[in-house]
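What follows is a single structure, written as C-alpha cells, with notes after it.
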Amino acid sequence: MAAESPATVIDFRPPTKQVGKNKVTDEAVIARWLVDWAKSQHDAQLTSDAAKLLLEFTGPVFGVLVQDLAKLALFVTKGQKITPVMVQD
C-alpha cells in the first residue's frame with residue numbers, strides 16, 4: 001500500500017479584488033504582470049496601454065496571454081516597445 005502524502009494545490013484563478021460585495025478580476029494586476037513578463041521573458045517593453053488592450057482582447061486566461069505576448073515579441077527587436085497599434089494588428 002502506498003504511503004499517503006499531502007497533495008499540493010495550485011490556484012490558477014486570476015487575481016481578484018473586492019468591489020462592493022462582489023469579487024471581480026483585478027485587471028490592473030494582470031496588466032502589470034504582462035508588462036513584467038514581456039521584459040523578463042522576451043526583453044521587450046510592453047506599454048501599459050498595450051497590456052490593457054491585450055487583456056481586453058484575450059481575457060484573463062494566462063496561457064493564451066503568454067502565447068499572444070510571445071507572438072507579439074517576435075515582431076520587435078530586444079528592448080523595443082510593443083504598442084497598442086501592434087496589439088490591434
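- Heavy atoms only, all atoms of each residue included: P84 and T47 are closest at CD-OG1, 3.6 Å.
- Taking NE2 from H42 and NZ from K71, the interatomic distance works out to 12.0 Å, rounded to the nearest 0.5 Å.
- Looking at M86 and D89, their side chains never come closer than 4.5 Å, going by heavy atoms from C-beta outward.
- Residues L34 and F75 share a hydrophobic cluster, clusters being chains of Ile/Leu/Val/Met/Phe/Trp/Tyr side chains in contact below 4.5 Å.
- In plain terms, the two heavy atoms of L46 and A51 that are nearest each other are CD2-CB, 3.7 Å.
- With contacts defined as side-chain heavy-atom distances shorter than 4.5 Å, the pair V66/Q41 does not qualify.
- Shortest non-hydrogen contact noted between P14 and T25 is CB-CG2, 4.1 Å.
- For the atom pair NZ of K78 and CD of Q45, the computed distance is 13.0 Å after rounding to the nearest 0.5 Å.
- Of all the heavy atoms in V76 and A44, the pair that sits closest is CG2-CB, 4.1 Å.
- Contact annotation: the side chain of Q88 approaches that of F57 to within less than 4.5 Å [non-hydrogen atoms, C-beta and beyond].
- In this structure, S48 and V35 approach most closely via the heavy-atom pair CA-CG2, 4.3 Å.
- For the atom pair L69 CG and W33 CH2, the distance stands at 7.5 Å (nearest 0.5 Å).
- Using a 4.5 Å heavy-atom threshold, the side chains of I30 and F62 count as touching.
- Counting heavy atoms from C-beta outward, D49 and V87 have side chains that stay 4.5 Å or more apart.
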